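Working notes for the structure below.
Remember, it's a predicted structure, so these values are computed and weren't measured experimentally.
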Amino acid sequence: MPPEFFNNPGDDVHGWDNEVRSHCPVHKINHPPGAEAYVVADYETALNAFGDPRLSKQLSAAPDWFQEQLKDASPILVHHMLNADPPDHTRLRKLVSKAFTARRMEMMRPKIQRITDDLIDRFPQSGELDLMTFAFDLPMNVISEFLAIPPDDRGQVKHDVVLLSNAPYPDDERNRMLKSASDKVEEYLVGLLADRRKNLGDDLASVLIRAADEDDVYSEAELISNLVLLIIAGHKTTAHLIGNGMSSLLAHPDQFELLKNDPSLVESAVEEFLRFESPVFRGTLRISTEDMELAGVKIPKQSFVHVLLGAANHDPAVFENPGELDITRQANRHLSFGHGPHFCAGAPLSRVEGSIAFPTLLRRLQGLRLAVDPAELEWAFDNSTSRGLRSLPIRYDALLPRE
């Protein structure tokens, strides 16, 4: 597998996945450049990797040069829970879990519906637009409102957070941009938290502050770092869920009509969108803490191990007809939110947003269709773990009023 795979594997990512899986589910790759690194492409080995204590998330397990690169480029992200193993991970996860419970997310459903309709109200009455603008604006507006970030601040916060959601590059100029964004976000959140401590409310920032103060085991750096993680995870992943899911749906007219005629299928549809075109195509970084083997392949100590979630989600040993979109698919055991202790804490919010966005778009955009051939859609890769479209041009005949 060539080193440029993670930067731009091309449109046929599933072709790469299938080729790797069919030859050897664990495959060597040069990413990060110059590192000893491997990908995992089948479901069973992915599950084993997620649960293997020899594969660490702790930043200190990585080679020194990588630690320094991350600290130099994105110091604000060093202290979040994805860079920790138990017991630190358990402690940090507890903080976030108090804010992102499924029950709390369901209680927010009416507010998310209002935000969704407000954005769609701005669409022209008919014509063509890039749906990716909506796909990114919805989760950013949702997470910003839940954190009580003032509307006038959201544009700059979004700009800086999008930069931070990219992995560090072996490029000094790019890393200076990341460092600048990191500093701006940290300065903003320090001020936001200071203000919120004086005026605690029911927003998620207040929930995190209360949880942190109650347990008294979290540093300010950990609170800010995990807050940034929530903004990133609550923004980019959901944006690509909406974009990838809608493009898949529009490319499969039978599935489109099925969901449009029966919105009650939206929950299974969202799970299938997550599986079919995974918005996170590889898991966050894991580092081997000793010489080990995965699926018979020897992996030296301090190697980088990337679990290809999209590949695991298309494993024919687990999913019947994995290359077919089926929004009625049952027992959909996809790995798009990971598995085990590091299962995505923001999954409940992403699922609720998806379950609102898809039926609302299908109901309100009469005559909704792709404005280009599906083969013309371009996939964007930014050296991070996500996979999504550069744009999603759609056409529709009429904008219907909200319910």
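Remark: the backbone N or O of Ile356 is paired with a side-chain donor or acceptor of Thr360 at under 3.5 angstrom. Here the side chain of Ser268 pairs a donor or acceptor atom with the backbone of Leu265 at under 3.5 angstrom. Under the 3.5 Å distance criterion, the side-chain polar atoms of Glu290 are left unmatched by any main-chain donor or acceptor of Arg54. Of the possible donor and acceptor atoms, one in the side chain of Asp291 sits under 3.5 Å from a partner among the backbone N and O of Lys301. At distances below 3.5 Å, at least one donor-acceptor pair connects side-chain atoms of Ser288 with backbone N or O atoms of Gln302. Arg364 places a side-chain N or O within 3.5 Å of a backbone atom of Leu400 that can act as its donor or acceptor partner. Ser355 places no side-chain N or O within 3.5 Å of a backbone atom of Val266 that could act as its donor or acceptor partner. Of the possible polar contacts, none joining the Glu378 side chain to the Glu376 backbone as a donor-acceptor pair under 3.5 Å is found. Remark: the backbone N or O of His80 is paired with a side-chain donor or acceptor of Ser225 at under 3.5 angstrom. With Arg286 contributing its side chain and Thr284 its backbone, the two residues share a donor-acceptor pair below 3.5 Å.
Listed by chain and residue number, Arg196 satisfy the salt bridge (charged side-chain N to carboxylate O under 4.0 Å, His left out) test with Asp203 (two or more places apart in sequence, or in another chain). For His89, the ring pair (Phe, Tyr, Trp, His ring centres under 6.0 Å) partners two or more places apart in sequence, or in a different chain, are His342. For Ser350, the side chain to side chain donor-acceptor pair (under 3.5 Å) partners are Thr238, not counting sequence neighbours. By the salt bridge (charged side-chain N to carboxylate O under 4.0 Å, His left out) test, Glu128 pairs with Arg395, sequence neighbours left out. Partners of Tyr38 by ring pair (Phe, Tyr, Trp, His ring centres under 6.0 Å), not counting sequence neighbours: none found. By the salt bridge (charged side-chain N to carboxylate O under 4.0 Å, His left out) test, Arg275 pairs with Glu272, sequence neighbours left out. Taking the side chain to side chain donor-acceptor pair (under 3.5 Å) definition, one finds that Lys184 meets it with nothing, sequence neighbours left out. Among residues two or more places apart in sequence or in another chain, the side chain to side chain donor-acceptor pair (under 3.5 Å) test is passed with Asp85 by Ser56. With sequence neighbours left out, Arg363 forms a salt bridge (charged side-chain N to carboxylate O under 4.0 Å, His left out) with Glu403.
Ring-plane geometry between His339 and Phe50 is classed as tilted, the angle between the planes lying from 30 to 60 degrees on a 0 to 90 degree scale. Taking the six-membered ring where tryptophan is involved, the planes of Phe337 and Phe343 are perpendicular, since the angle between them exceeds 60° and thus also 30°. By the 30° and 60° cut-offs, the orientation of the rings of Phe319 relative to Tyr43 is perpendicular.
Distance CD1/Ile242 to OG/Ser247: 12.0 Å, rounded to 0.5 Å. Atom CD1 of Ile224 sits about 6.5 Å away from atom CG of Leu189, to the nearest 0.5 Å. The CG atom of Leu77 lies 9.5 Å from the CG atom of Leu82; values are rounded to the nearest 0.5 Å. Remark: Thr328 OG1 to Asp262 CG distance equals 10.5 Å, nearest 0.5 Å. The structure places NE2 of His79 at 9.5 Å from CD1 of Ile76, a figure rounded to the nearest 0.5 Å. Here CG of Asn244 is found 6.0 Å from CD of Glu277. Values are rounded to the nearest 0.5 Å.
Summarising the geometry of Ser278 relative to Asn313, their closest heavy-atom pair is OG-ND2, 2.8 Å, with the distance given to 0.1 Å. In this structure, Thr45 and Ala295 approach most closely via the heavy-atom pair OG1-CB, 3.9 Å. Taking both residues in full, the closest heavy atoms of Val207 and Asp202 are given as CG2-O, 4.3 Å, listed atom of the first, atom of the second, then distance. When all heavy atoms of Val78 and Asn83 are compared, the pair lying nearest together is O-ND2, 3.5 Å. Gly243 and Ala135 make their closest contact through N-CB, 4.2 Å (heavy atoms, listed as atom of the first residue, atom of the second, distance). The two residues Leu335 and Ala46 have their closest heavy-atom pair at CD1-CB, 3.9 Å.
Evaluation of the ring-ring contact (aromatic ring centres under 6.0 Å, His included) test over residues 244-274, restricted to residues two or more places apart or in two chains, returns His252-Phe276, Phe273-Phe358. Applying the side-chain hydrogen bond (donor to acceptor under 3.5 Å, both in side chains) rule to pairs touching residues 366-375 yields Arg369-Asp397, sequence neighbours excluded.
The side-chain heavy atoms of Leu392 and Asp130, taken from C-beta on, include a pair separated by under 4.5 Å. Residues Phe134 and Leu361 form a side-chain contact, since some pair of their non-hydrogen atoms from C-beta on lies under 4.5 Å apart. When side chains are defined from C-beta on, Glu271 counts as touching Arg351, because their heavy atoms get closer than 4.5 Å. By the 4.5 Å heavy-atom criterion applied to side chains, Arg91 and Leu95 are not counted as neighbours. Under the 4.5 Å side-chain criterion, counting only non-hydrogen atoms from C-beta, Pro279 is in contact with Leu274. No side-chain heavy atom of Phe281 sits less than 4.5 Å from a side-chain heavy atom of His240. The shortest side-chain heavy-atom distance between Leu229 and Met81 falls under the 4.5 Å cut-off.
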So Leu285 and His306, side-chain contact (heavy atoms from CB on, under 4.5 Å) or not? Walk me through it.
CA-CA 6 Å; Leu285 199 60; His306 309 275; 3.4 Å; yes
Going through the checks in order, is the salt bridge (charged side-chain N to carboxylate O under 4.0 Å, His left out) test met by Glu106 and Arg103?
CA-CA 5 Å; Glu106 283 297 326; Arg103 179 175 175 273; over 6 Å; no
Before giving the answer on side-chain contact (heavy atoms from CB on, under 4.5 Å), spell out for Lys236 and Val161 the whole-Å C-alpha distance, their side-chain angles and the decisive distance to 0.1 Å.
CA-CA 9 Å; Lys236 198 169 189 178; Val161 165; over 6 Å; no
Let me see the working for Arg122 and Asp118 under salt bridge (charged side-chain N to carboxylate O under 4.0 Å, His left out), right down to the final yes or no.
CA-CA 7 Å; Arg122 301 175 192 171; Asp118 286 348; over 6 Å; no
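The aromatic ring centres of Phe136 and His235 sit less than 6.0 Å apart.
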Please output the side-chain donor-acceptor pairs of residues 143-153 that fall under 3.5 Å, not counting sequence neighbours, one pair per line with the distance.
residue	atom	partner	partner atom	Å
Ser144	OG	Met140	O	2.7
Glu145	OE2	Arg114	NH2	2.4
Asp153	OD2	Tyr188	OH	2.7

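Within 6.0 Å of CD on Glu220 lie more than 12 heavy atoms contributed by other residues, nucleotides or ligands. For CD of Glu187, the number of neighbouring non-hydrogen atoms (other residues, nucleotides, ligands) closer than 6.0 Å is 12 at most.
A donor-acceptor contact closer than 3.5 angstrom is absent between the side chains of Asn226 and Glu222.
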